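Below is one structure, written out as structure tokens; comments come after it.
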Amino acid sequence: MNESATTVTDAVAPQRGTLLAASGVTMQFGGLTALNDVSFGLREGEIIGLIGPNGAGKTTLFNCLTGLYSPTSGAVTLNGSPLPQDPARVTEQGVARTFQNIRLFPSMTAEENVLVGRHVRMKQNPLSSLLHGPGFRRSEAEAAERTAKLLAFVGLTRFSDELARNLPYGDQRRLEIARALATDPSVLLLDEPTAGMNAQETEATRQLIFAIRDLGISVVVIEHDTKFIFTLCDRVLVLVQGQLLVEGTPDEVRGDPRVVEAYLGAPPEEVEAQVHGVDVHGSEGQEQG
Ligand SMILES: Nc1ncnc2c1ncn2[C@@H]1O[C@H](COP(=O)(O)OP(=O)(O)OP(=O)(O)O)[C@@H](O)[C@H]1O
Ligand SMILES: [Mg+2]
């Protein structure tokens, strides 16, 4: 890639309604190119699916979109401005995420885990908070109320006072989503939100993501379960060996021979399942990655 600064700026000049955009993003780890010249834009109100074989660079792309990694070259913009190279500031600016390997505070309750996310938005006068003054108490009450609403939204009210580590696995994933929502994002990035879930939990998660989109939050979802992706997303991106191989509607992507080929490393029934969304594992999901 050899783009002048002007070309990059032109390329990332966001279309109307584009929130988060990657332009020519390349990420190298030593000799390994995990992402190679990846460009895409997430529009308002959109659900994008990101699929691709293990090691394709999906999580690495999320890490570049959240300021955790600084791309070797290329640019990421949020609302047309360069993304801060600091995950906390990226969260403040409205990008929230969940992790492929759940990152909750296991010895804190479900409620406390969501409150941690809420603190990003709590504007307190330090003196008031030290003295537990009226501003502090108002702010704490508001956070508690919002936390209760979020736990209800993801269907976890009954676990509010339960330690996160005691929640069933699928519910821990939903708790992570509640914590991400507590930061009031405009963009939510979900890394394998249904990994390890059974068919019923997966369907509940699909409905939850639709409900999140209906709140006005744009979503990017990484999943290996293509049946889930094709029935959820407005657009699907296929990443193979760090490159965006195909981009299109679920129907376009499903019918693309390059997608079938990209999955040919897998046994034939897996290829069929991956590309056409057939469930070869029965109702019990397998944990991925
Ligand atoms: N911090 C890092 N240092 C070195 N190599 C890395 C790092 N992060 C990712 N990689 C490598 O980059 C490549 C892409 O990894 P990544 O985790 O993004 O893939 P993925 O598409 O999310 O895969 P999976 O479906 O298994 O989660 C892999 O070869 C991985 O080993
Ligand atoms: Mg990954």
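Numbering of residues begins at 1 and proceeds along the displayed sequence. Everything numeric in this text was worked out from a predicted model, so none of it was measured. Counting convention: from 1, in listed order, for ligands and their atoms alike.
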Step-by-step salt bridge (Lys or Arg N to Asp or Glu O under 4.0 Å) determination, Glu46 to Arg213: CA-CA 7 Å; Glu46 192 174 39; Arg213 189 268 319 274; over 6 Å; no
Mind checking whether Asp191 contacts ligand 1 via backbone (N, CA, C, O), side chain (CB onward), both or neither, at a 4.0 Å heavy-atom cut-off? neither
With nothing but distance in play, are any N or O atoms of Leu32 less than 3.5 Å from an N or O of ligand 1? no
Checking Arg165 against Ser107 for the side chain to side chain donor-acceptor pair (under 3.5 Å) test, could you report, in this order, the C-alpha distance in whole Å, the side-chain angles of both residues, the deciding distance, and whether it holds? CA-CA 7 Å; Arg165 64 162 174 259; Ser107 301; 2.9 Å; yes
Do Val76 and Pro82 make a side-chain contact, defined as non-hydrogen atoms from C-beta onward lying under 4.5 Å apart? no
Any Phe62 heavy atom less than 4.0 Å from ligand 1: no
Does any N or O in the side chain of Thr18 come within less than 3.5 Å of the main-chain N or O of Arg43, such that one atom is a donor and the other an acceptor? no
Glu252 backbone acceptor or donor facing Thr249 side chain under 3.5 Å: yes
Taking only heavy atoms of Thr60, which atoms of ligand 1 are found under 4.0 Å from at least one of them? 9 (C), 14 (C), 15 (O), 16 (P), 18 (O)
Give yes if a backbone or side-chain nitrogen or oxygen of Phe29 is under 3.5 Å from a nitrogen or oxygen of ligand 1, and no if not. no
I'd like to know if Arg103 and Glu176 make a salt bridge, using a cut-off of under 4.0 Å between side-chain N and carboxylate O. no
Hey, is Gly55 one of the residues with a heavy atom under 4.0 angstrom from ligand 1? yes
Give a yes/no on ligand 1: does Met27 have at least one heavy atom closer than 4.0 angstrom to it? no
Per-atom contacts of ligand 1 with Asn54, taking only distances under 4.0 Å to non-hydrogen atoms: 23 (O), 24 (P), 25 (O), 26 (O)
Taking 4.0 angstrom as the limit and counting only heavy atoms of Glu192, give me the atoms of ligand 1 inside it, by number and element. 25 (O), 27 (O)
Taking Asp256 first and then Arg258, would you say they form a salt bridge - that is, a charged N and a carboxylate O separated by under 4.0 Å? yes
If you leave out waters, which protein N, O or S atoms are less than 2.8 Å from the Mg ion (ligand 2)? Thr59 OG1, Gln100 OE1
Atom pairs and distances, donor-acceptor, side-chain atoms in residues 144-151, under 3.5 Å, two or more places apart:
unit_1, atom_1, unit_2, atom_2, d
Arg146, NH2, Asp184, OD1, 2.5
Thr147, OG1, Ala143, O, 2.8

Take Glu223 and Thr194 through the test side chain to side chain donor-acceptor pair (under 3.5 Å) and record every step on the way to the result. CA-CA 7 Å; Glu223 255 312 328; Thr194 71; 3.0 Å; yes
Would you call Arg89 and Glu92 a salt bridge, taking side-chain N to carboxylate O under 4.0 Å as the test? no
Assess the pair Phe62 and Tyr69: is the distance between their ring centroids shorter than 6.0 Å? no
Note: ligand 1 atoms sitting under 4.0 Å from heavy atoms of His224 are 25 (O)
